[in-house]
Number of protein chains: 2
Amino acid sequence: MWGVPRVSEDHLTARREQILAAARACFLRKGLHNSSMQDLIKEAGLSVGAVYRYFKSKDEIIAAIAEGVVSGISQQIDEIAARRLPLVDSLGLLLEVIDTQLSPDGALPIAVQIWAEATTDPAIGAIAHARYSALRTSVRALVANAAESGELPPEADVDEVNSAVFSLIPGYALQRLLIGTPEREAYLRGIRALITP
Amino acid sequence: MWGVPRVSEDHLTARREQILAAARACFLRKGLHNSSMQDLIKEAGLSVGAVYRYFKSKDEIIAAIAEGVVSGISQQIDEIAARRLPLVDSLGLLLEVIDTQLSPDGALPIAVQIWAEATTDPAIGAIAHARYSALRTSVRALVANAAESGELPPEADVDEVNSAVFSLIPGYALQRLLIGTPEREAYLRGIRALITP
DNA sequence: GTGTCAAGAACGAGCGTTCGTTTTAGAATG
DNA sequence: CATTCTAAAACGAACGCTCGTTCTTGACAC
């Protein structure tokens, strides 16, 4: 027969999240591959056996983190798009979201590590592909709004323009992560000057 | 009397480059941390001792690769800037350069791995900072040209605009690496539509 | 008893690195 | 030119250690 669950399902997902949170903390501090299982087991305050009950390998933990790393950002972009503001204003709000994720406990430093992993590990590559596409699709709504409100040339292709607009997001994040500049407002002024010459 | 170099200096730098080339090949295939010293020693066709004569640790090899990974690109950007073409035309040429570096043996897949390492390793972080800044400065010449030839609003700040323009380069590279799109020409049309509305 | 769940000792594999030894290049010598 | 000599260069077995993972054990709820 099947055993009756000893603990609530909430407890189980909470444990899972506890492990993932510990893993994120370790990966942020030491990187995906310089964090040992022992590191993140200790960080989670659990035992080896407990962790291996919820994830059957380190790769599975990495994959789970890759799955979740930008889901919050996607949501927030959708909310911004729903407000149907002018393109540059939307981008301003979007950059605010990015700024909150640039901190040492934000999603973006881990996202960069996932990208690196994606270039050599097909399983992570597939996840990164899916998540990055989803982000790109969320931003597309901003560009579609701009096209409808006449901010773009009538013959402009929304997908093509979106490729360029979307670049501004990881481009900003990478500059901030690697060289610390520019400030959000300065970056926004740069965009404004570029797109309305 | 005293010993003189037993082999030519060319031989020594050639050996060094042989090791770095092998390391690049391994890192491309398996990533920085999933490539063992034995992997890249075998790839180089040398012995353990030979490799450790030229580099005193794996970290030193990684640092050496980080130093050199985008130097070729910087040069090519400078050449494009010297031609003083309209901004979008320069970007077109620049994207051609990027395309050549996107292939599985190009510099960019390794650059992404370096970025990831930079977020957790201060030594690599400093190198990445320097190299990324240099790239950004090279692109700045393109924007400065555009400002001089009246392609930008007179009050535009070149550095601020450059932050935005520069984003278009890693932004393109990341989209190509992670999701395979867009084509260069489509991307360029998107930029054109965005900046001349 | 019969099952789940957690604990942590134990394991083999593989890691980066060291080091004593062998080979080799080429100047010195006659 | 032939030989000797020596430090540089290359070699690769061996080392200590840490890795990710498995397995045995037992506590606790039915």
Side-chain angles (χ1 to χ4, degrees), chain A residues 1-27 29-66 113 117 120-121 123-124, chain B residues 1-23 26-27 29-66 113 117 120-121 123-124:
Chain A
M1 290 296 279
W2 287 103
V4 177
R6 326 296 305 294
V7 292
S8 71
E9 196 158 322
D10 279 358
H11 174 82
L12 294 176
T13 63
R15 268 274 203 275
R16 235 185 105 93
E17 189 45 51
Q18 174 185 1
I19 293 167
L20 290 178
R24 270 188 294 268
C26 287
F27 292 164
R29 201 183 312 123
K30 313 217 294 164
L32 256 37
H33 294 286
N34 284 325
S35 299
S36 68
M37 284 299 278
Q38 315 242 17
D39 285 338
L40 77 226
I41 285 160
K42 185 187 272 187
E43 176 87 22
L46 294 173
S47 68
V48 180
V51 168
Y52 273 88
R53 183 161 307 284
Y54 293 90
F55 297 93
K56 65 183 215 282
S57 72
K58 187 180 181 182
D59 283 350
E60 201 173 291
I61 294 179
I62 292 176
I65 285 182
Q113 301 188 43
E117 193 70 5
T120 59
D121 177 341
I124 302 297
Chain B
M1 287 298 278
W2 294 107
V4 291
R6 291 314 163 100
V7 293
S8 70
E9 197 158 319
D10 279 0
H11 174 84
L12 294 176
T13 62
R15 268 278 198 272
R16 232 185 107 93
E17 189 45 51
Q18 173 186 1
I19 293 166
L20 290 178
C26 287
F27 292 162
R29 200 183 312 123
K30 312 217 294 164
L32 258 36
H33 294 285
N34 284 326
S35 300
S36 69
M37 283 300 278
Q38 316 248 16
D39 284 341
L40 76 227
I41 284 160
K42 184 187 271 186
E43 176 87 23
L46 294 171
S47 68
V48 180
V51 168
Y52 272 89
R53 181 161 309 283
Y54 292 89
F55 298 94
K56 64 184 216 283
S57 70
K58 186 181 180 179
D59 283 350
E60 203 173 287
I61 294 178
I62 292 175
I65 285 182
Q113 299 187 43
E117 192 70 5
T120 59
D121 177 342
I124 302 297

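Below, read A as the first sequence line, B as the second, and so on, with proteins coming before strands; counting in each chain starts at 1.
- Of the side-chain N and O atoms in B:Tyr54, none sit less than 4.0 angstrom from OP1 or OP2 of D:dA9.
- Listed by chain and number, the residues in a salt bridge (Lys or Arg N to Asp or Glu O under 4.0 Å) with B:Arg15 amount to none (sequence neighbours excluded).
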### Contact state string [nucleotides 12-20 of chain D, B base, S sugar-phosphate only, - no protein heavy atom under 4.0 Å]
B------SS
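- The side chain to side chain donor-acceptor pair (under 3.5 Å) check on A:Asp39 picks up A:Lys30, A:Ser36, with sequence neighbours excluded.
- The phosphate of C:dT4 (OP1 or OP2) has no side-chain N or O of A:Arg53 nearer than 4.0 angstrom.
- Under the salt bridge (charged side-chain N to carboxylate O under 4.0 Å, His left out) criterion, no residue pair touches residues 46-55 of chain B, with sequence neighbours excluded.
- Atom CG of A:Asp59 and atom C1' of D:dT21 are 12 Å apart (whole Å).
- When rounded to the nearest whole Å, the span between NZ of B:Lys42 and C1' of C:dC15 equals 15 Å.
- The side chain to side chain contact (heavy atoms under 4.5 Å, CB included) check on B:Val48 picks up B:Ile41, B:Tyr52, with sequence neighbours excluded.
- In this structure, B:Ile61 places its CD1 atom 12 Å from C1' of C:dT17, rounding to the nearest Å.
- Considering B:Asp59, B:Ile62, B:Ile65 as possible partners of B:Ile124, the one that fulfils the side chain to side chain contact (heavy atoms under 4.5 Å, CB included) test is B:Ile62.
- Straight-line distance from the CZ atom of B:Arg15 to the P atom of C:dA25: 10 Å, rounded to whole Å.
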### Strand DNA chain D as a dot-bracket string - pairs counted if Watson-Crick or G-U with both distances under 3.5 Å, | where the partner lies in another strand
|||||||||||||||||||||||||||.||
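- Remark: B:Glu17 engages B:Arg24 in a side chain to side chain donor-acceptor pair (under 3.5 Å) (not counting sequence neighbours).
- The salt bridge (Lys or Arg N to Asp or Glu O under 4.0 Å) test applied to A:Lys42 returns no partner, not counting sequence neighbours.
- Every residue was checked against the side chain to side chain donor-acceptor pair (under 3.5 Å) condition with A:Gln113, not counting sequence neighbours, and none meets it.
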